[in-house]
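Keep in mind the model is a prediction, meaning the values are calculated, not measured. Side chains included, hydrogens not; waters and symmetry mates left out as well; all remaining heavy atoms used.
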Amino acid sequence: MKPSIRHIHLAEIDSTNRYLCERAHEFRESIVVATAEYQTHGKGQGSNSWESEWGKNLLFSILIHPVTVPVNQQFLLSMMGALSLKDVLDGYLSNVTLKWPNDIYWNDNKLSGTLIETTVHGHGIQNCVFGVGLNVNQTLFQSDAPNPVSMSQILGCEIDRKTLLDQILEAFESYYDKMKKGLYDEVVAQYHAALYRRTGVHYFHDRHGLFQAAIDHVEKDGHLVLRRKDGTLTPFAFKEVEFILK
């Protein structure tokens, strides 16, 4: 672990995100990471929970203070976090993509999910917490999640979680430096190049029903813009549209 990153390890806690969100005002370090062997109330997006066996996976949250990132472009932080994970996982696996907004997919299976919570003060983002669940060494999933997969299942062997975490944090710090330098367009371009189903026409579902469309782009405020078969561009906020998985 780099000396520039403060690491807090917790054996068991309800949520590493909650831990850092409640204590964000106490930390002045550029990056703080809280890890846990187990979370009793690990959260996914919305009301979803995150399944993880004790000591098998990576469960961690990262706290930063990205005061220079415009509030109306805060999805750039989501892009940055997802790219940090993908860059490292590309060294272990092939066919790793980013499923909008920030899930990590291997082929059509979910490898990792991230819950991001921000605190806005005035015209800037005071705190941002990335809560990550990455399936590493778990080989049996018992929840009704439709498509989980772990690195161990793919590779057929266990992975050293400490080494993996160190690699992720190094990548995260590198992308955070890009953000602080204002290299937003570079991050956006990399995110788009890494998107799940970034080419071709696919099935989606919204409140009107099933339809076919292609991904056109993702806006800096997080809206997914789909191009329908008639050429119409339609923006969707999170939870307004879902991918139809195979």
Exercise: identify the closest heavy-atom pair between Leu245 and Arg197: CA-NH2, 3.8 Å

Contact summary for Pro148 and Gln153, nearest pair of heavy atoms: O-OE1, 4.3 Å

Side chains of Val33 and Ile5 in contact at under 4.5 Å (non-hydrogen atoms): yes

Rounded distance [0.5 Å steps], CD1 in Ile215 versus NE2 in His192: 8.5 Å

Side-chain touch Cys128/Ile116, heavy atoms, less than 4.5 angstrom: yes

Contact check, side chains of Met151 and Leu164, non-hydrogen atoms, under 4.5 Å: yes

Closest approach of Ala34 to Tyr19 (non-hydrogen atoms, all atoms of both residues): CB-CD2, 4.2 Å

pair Met79-Tyr184: side-chain heavy atoms closer than 4.5 Å: no

Steps toward side-chain hydrogen bond (donor to acceptor under 3.5 Å, both in side chains) verdict (Asp206, His208): CA-CA 5 Å; Asp206 66 5; His208 300 295; 5.1 Å; no

Derivation and outcome, side chain to side chain contact (heavy atoms under 4.5 Å, CB included), residues Phe27 and Leu20: CA-CA 9 Å; Phe27 301 116; Leu20 287 182; 3.9 Å; yes

Residues Ile244, His202; criterion side chain to side chain contact (heavy atoms under 4.5 Å, CB included); working and verdict: CA-CA 8 Å; Ile244 302 300; His202 302 277; over 6 Å; no

Side-chain ion pair, Lys220 and Asp185, N-O less than 4.0 Å: yes

Side-chain heavy atoms of Val149 within contact of Asn107, under 4.5 Å: no

Mutual orientation of the aromatic rings belonging to Phe172 and Tyr176 [parallel < 30°, tilted 30-60°, perpendicular > 60°]: tilted

Donor-acceptor pair, side chain of Gln138 and main chain of Glu53, under 3.5 angstrom: yes

Where Cys157 and Asn137 come nearest, the two heavy atoms and their spacing: O-OD1, 4.4 Å

Heavy-atom pair of closest approach, residues Arg161 and Leu58: O-CD2, 3.7 Å

Leu83, Val218, Asn102 screened by side-chain contact (heavy atoms from CB on, under 4.5 Å) with Ser78, the one that passes: Asn102

Pairwise distance CD(Glu219) to CG(Asn72) - rounded to 0.5 angstrom: 11.5 Å

Option from Tyr191, Trp106, Tyr105, Trp100 for which ring-ring contact (aromatic ring centres under 6.0 Å, His included) with Tyr196 holds: Tyr105

Side chains of Glu37 and His9, donor plus acceptor under 3.5 Å: yes

Side-chain donor or acceptor of Arg198 paired with backbone N/O of Thr97 under 3.5 Å: no

Ser15 and Asn17: CA distance, side-chain angles, deciding distance, side-chain hydrogen bond (donor to acceptor under 3.5 Å, both in side chains) verdict: CA-CA 5 Å; Ser15 163; Asn17 256 37; 5.4 Å; no

Working for side chain to side chain contact (heavy atoms under 4.5 Å, CB included), residues Val96 and Leu85: CA-CA 10 Å; Val96 175; Leu85 288 165; over 6 Å; no

Atom pair CD (Gln167) and OG1 (Thr163), whose distance is rounded to the nearest 0.5 Å: 6.5 Å

Step-by-step side chain to side chain contact (heavy atoms under 4.5 Å, CB included) determination, Ile125 to Thr119: CA-CA 6 Å; Ile125 302 171; Thr119 303; over 6 Å; no

Chi angles and distances behind the salt bridge (Lys or Arg N to Asp or Glu O under 4.0 Å) call for Lys181, Asp177: CA-CA 6 Å; Lys181 292 174 182 176; Asp177 284 342; 5.9 Å; no

Atom of Ser152, atom of Ile159 and distance for their closest heavy-atom approach: N-CD1, 3.9 Å

N/O donor-acceptor pair under 3.5 Å between Asn57 side chain and Val136 backbone: yes

Side-chain donor or acceptor of Arg207 paired with backbone N/O of Glu240 under 3.5 Å: no

Check: His65 and Arg28 side chains under 4.5 Å, non-hydrogen atoms: no

Flag side-chain contact, heavy atom, 4.5 Å: Asn109 against Ile154: no

Flag side-chain contact, heavy atom, 4.5 Å: Thr35 against Thr16: no

Glu29 side chain vs Ile31 backbone, donor-acceptor pair below 3.5 Å: no

Check: Gly133 main-chain N/O paired with Ser112 side-chain donor or acceptor under 3.5 Å: yes

Gln74 (side chain) donor-acceptor with Val71 (main chain) under 3.5 angstrom: yes

Distance flag, aromatic centroids of Tyr203 and Phe211, threshold under 6.0 Å: no

Distance, nearest 0.5 Å, that separates CD1 of Ile104 from NZ of Lys99: 11.5 Å

